[in-house]
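Accompanying notes for the structure given below.
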Amino acid sequence: MSNDDKNTAMNCKTWPFEEARAVLKRIGNTAPDKGYALFETGYGPSGLPHIGTFGEVARTTMVMNAFRKISDIPAKLICFSDDMDGLRKVPLNIPNSEILESNLEKPLTVIPDPFGTHESFGHHNNARLRDFLDTFGFDYEFLSSTECYKSGRFDEALLNMLRNYEKVRQAVLPLLGEERQKTYSPFLPISPKSGKVLQVPILETNPDAGTIVFEDEDGEKTEIPVTGGHVKAQWRPDWALRWYALDVDYEMAGVDLKSASQIAGKIVSILGGKKPAGFHYDLFLDEKGEKISKSKGNGLTMEEWLTYAPHESLAYYMYLRPSSAKKLHFDVIPKAVDEYISFIKAMPTQEEEKQLQNAAWYIHGGTIPNSQYTPISFALLLNLASAANTDNAETLWGYIRKHKPDATPENAPFLDRLVGYAVKYYEDFVLPTKTYRMPDDRERAAMEDLAKRLEALPKDADLDAMQTEVFSAGKENGYEKNELREWFQALYQVLLGQNQGPRFGSFIELYGVQESITLIRDALDGKFAKAA
RNA sequence: GACCGCUUAGCUCAGCUGGUAGAGCAACUGACUUUUAAUCAGUAGGCCGAGGGUUCGAAUCCCUCAGCGGUCACCA
């Protein structure tokens with residue numbers, strides 16, 4: 001890249017560039033000894049990946065995209081799984097939960113997989129994480145805490161922490177309540193007898209031998225090495241340990257972890273390292289501005305978003321000012337999709353400097369794939385779907401061709417995906433509100449007439465001919481000119497189960513003449529009204 | 001108790017390297033259509049929470065206050 005480009009990027013004020021510059025500053029503008037700048041995200045595998053997981057990885061990727069723009073130093077993303085953590089309670093909706101019940105407090109990676117598909121419960125959830133991330137095409141390296149501990153990768157850092165045991169302990173204590181302070185230890189020994197991760201006071205530390213002494217569950221004084229996976233660090237020091245051992249250059253976290261990360265930063269200093277750059281993103285709220293909690297079931301899940309909109313739009317949402325709390329509910333989806341689309345559209349015509357202020361730049365790493373092109377907004381598609389009674393993608397495409405003759409599912413695959421989401425939206429939000437009624441005698445006569453007229457139409461009849469038949473059927477069955485509106489409304493209510501609808505001629509053309517005849521006959525037979 | 005965020009049009013929000021207030025939706029008007037909806041074009045709408053300060057100039061920077069909300073203090 002040219003120096004001009006770099007300069008423009010160095011002055012860019014968007015948050016990912018602010019963050020990227022902080023990384024560059026941390027590493028002093030030169031490649032670290034490990035050869036790359038390390039970006040980390042953390043994951044707790046006692047649950048499944050969720051919208052927060054996505055947000056963190058997406059946002060970290062945005063910072064990396066910015067970093068690559070201002071520096072030639074390689075950048076690497078590690079998604080770290082805290083899979084040696086002890087299982088504290090049994091998650092809901094898990095088969096064979098008695099397996100988990102009988103293994104509480106043991107490291108996740110030694111608990112048998114209740115799904116029976118992986119080496120352990122931890123491995124199972126790690127695999128789910130990877131599947132999840134791979135779906136969106138994230139570029140990352142997976143790292144297991146258990147492996148880091150067992151392989152000795154953390155040994156040096158653990159011994160270091162043992163030498164500084166008291167300092168580390170003192171760093172954490174101010175953050176804790178009185179009760180917890182009494183028993184707190186940065187080291188959690190794993191009982192050689194039960195295999196459980198124990199939260200017990202440490203009786204002795206032996207830095208020279210590299211061991212600690214504690215009282216096991218049966219009361220026996222036990223001495224074990226802190227290295228090799230015999231001891232796990234409590235989560236706050238564990239975070240610091242990881243930062244120190246891996247030399248993490250960047251990690252963001254939620255505001256809920258703010259004080260914890262400050263403590264972790266202090267611990268890294270105690271160990272002689274330097275804490276990573278990073279900021280704290282705010283949490284998501286529901287439409288009333290209240291905190292999203294799983295037990296309340298408010299807010300929006302990842303699955304819900306992805307049912308009605310593409311993941312790119314969620315990534316766009318994640319781009320928007322992460323430092324302030326945002327309401328995450330259904331109504332923000334269409335807007336997010338359309339704003340994403342307008343950024344995509346704007347990119348090719350923008351100057352370099354403007355492009356760096358374009359959200360799409362961060363989502364796609366600077367280059368927008370041609371496949372993302374769409375000439376139609378999502379809001380329009382949603383309106384089209386409900387106005388035109390369109391419950392299948394092909395019909396919707398028929399309408400799209402009227403607006404934009406050049407677009408096809410093949411040359412606009414992103415639009416084709418949007419069509420699918422619009423149909424889904426129609427099925428879930430429009431269809432259930434339909435209420436069909438039976439026609440009165442005049443309506444019935446007119447509709448029967450309409451069906452006959454349609455049957456009599458020549459095969460190559462055009463839209464105008466169809467529209468004319470609709471009017472004629474009304475006029476010749478007792479509707480005066482000023483009553484035609486009622487005739488159309490009757491069609492919508494009896495045939496489509498709604499009070500409004502598309503121009504009926506257009507509807508027949510797209511829905512199909514034969515299909516329309518069937519629709520009329522079914523309605524007159526009471527198939528819809530009965531069902532409703 | 002400690003720390004943080006928000007307050008801008010009827011609604012949801014953008015604008016935060018200080019330079020005559022913006023978008024979407026809603027409303028209203030018009031065009032088009034042998035109904036409506038949709039679509040397109042346009043109009044209107046704001047003491048930018050309150051008070052003070054810095055400045056030639058503040059929605060924007062600083063201080064104080066108010067209202068709302070959040071996080072941590074048991075676990076991670």
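The chains referred to below are lettered A, B, ... by the order of the sequence lines, with proteins before strands, and numbering in each begins at 1.
Whole-Å rounding puts the A/L320 CG to B/A14 P distance at 8 Å. In this structure, CG of A/D282 is placed 11 Å from P of B/C72, rounded to the nearest angstrom. Rounded to whole Å, atom C1' of B/A38 lies 16 Å from atom CZ of A/F504. Per the geometry, CZ belonging to A/F343 stands 12 Å off P belonging to B/A14, to the nearest Å. Rounded to whole Å, the distance from NZ on A/K232 to P on B/A76 is 8 Å. Across the protein-nucleic acid pair, A/H280 atom NE2 and B/C6 atom C1' stand 19 Å apart, rounded to whole Å. In this structure, A/L257 places its CG atom 9 Å from P of B/A73, rounding to the nearest Å. Whole-Å rounding puts the A/M10 CE to B/U17 C1' distance at 15 Å.
Among the heavy atoms of the strands lying under 4.0 Å from A/Q234 are primed sugar atoms or P, OP1, OP2 only; no base atom is included. Across all strands shown, A/D82 has heavy atoms under 4.0 Å from sugar-phosphate atoms exclusively, and none from any base. At the heavy-atom level, A/S46 lies nowhere under 4.0 Å from the strands shown. Among the protein residues, A/L175 comes within range of the sugar-phosphate backbone only, with heavy atoms under 4.0 Å from sugar or phosphate atoms but none that close to a base. Within the 4.0 angstrom heavy-atom criterion, no nucleotide atom of any strand lies near A/G44.
Taking 3.5 Å as the limit, the base of B/U71 and the side chain of A/S259 contain no donor-acceptor pair of atoms between them. Side-chain to base pairing of A/Y492 with B/U35: one donor and one acceptor N or O lie within less than 3.5 Å of each other.
No side-chain donor from either of A/D82 and A/W239 sits under 3.5 Å from a side-chain acceptor of the other.
When the C1' atom is compared between B/C63 and B/U55, the two are found 16 Å apart, to the nearest whole Å. Taking the P atoms as reference points, B/A9 lies 10 Å from B/G46, given to the whole Å. B/C56 sits 15 Å from B/G18 when the P atoms are compared, rounded to a whole Å.
Between A/Q467 and the phosphate of B/U34, there is no side-chain N or O to OP1/OP2 separation shorter than 4.0 Å. Distances shorter than 4.0 Å separate some side-chain N or O of A/K327 from OP1 or OP2 on B/C13.
Listed nucleotides: B/U35, B/U39, B/A76. Nearest to the side chain of A/L380: B/U39. With distances taken from any side-chain atom of A/S324 to the nucleotides B/C6, B/U36, B/A38, the minimum falls on B/C6. When distances are taken from the side chain of A/L283 to each of B/U35, B/G70, B/A76, the shortest belongs to B/G70. Comparing atom distances between the A/K335 side chain and each of B/A76, B/U36, B/U12 picks out B/U12 as nearest.
B/G57: no Watson-Crick or G-U partner with both key distances under 3.5 Å is found in any strand. Judged by Watson-Crick or G-U wobble contacts below 3.5 Å, the nucleotide B/C72 has B/G1 as its partner. Across all strands shown, B/U7 is found opposite B/A66 as a Watson-Crick or G-U wobble partner, with both distances under 3.5 Å. A 3.5 Å limit on both hydrogen-bonding distances identifies B/G22 as the Watson-Crick or G-U partner of B/C13. When both pairing distances are held under 3.5 Å, B/A41 makes a Watson-Crick or G-U pair with B/U29.
Remark on RNA chain B: of its neighbouring residues A/F488 and A/V332, the 5'-side contact belongs to A/V332, judged by nearest-heavy-atom nucleotide. For A/K475 and A/K258, each mapped to the nucleotide of RNA chain B holding its nearest heavy atom, the one lying further toward the 5' end belongs to A/K258.
Taking the ring centroids of A/F17 and A/W361, they lie under the 6.0 Å cut-off. Side-chain rings of A/Y250 and A/F279 stay apart, their centers remaining 6.0 Å or farther from each other.
Below 30°, between 30° and 60°, or above 60°: for A/Y492 and A/F504 the angle between ring planes is between 30° and 60°, a tilted geometry. Note on ring orientation: taking the six-membered ring where Trp is involved, the planes of A/Y316 and A/F343 are tilted (angle from 30° to 60°). Ring geometry for A/Y436 versus A/F528: interplanar angle of 30 to 60°, hence tilted.
Under the 6.0 Å distance and 45° angle rule, A/R442 counts as a cation-pi partner of A/Y479.
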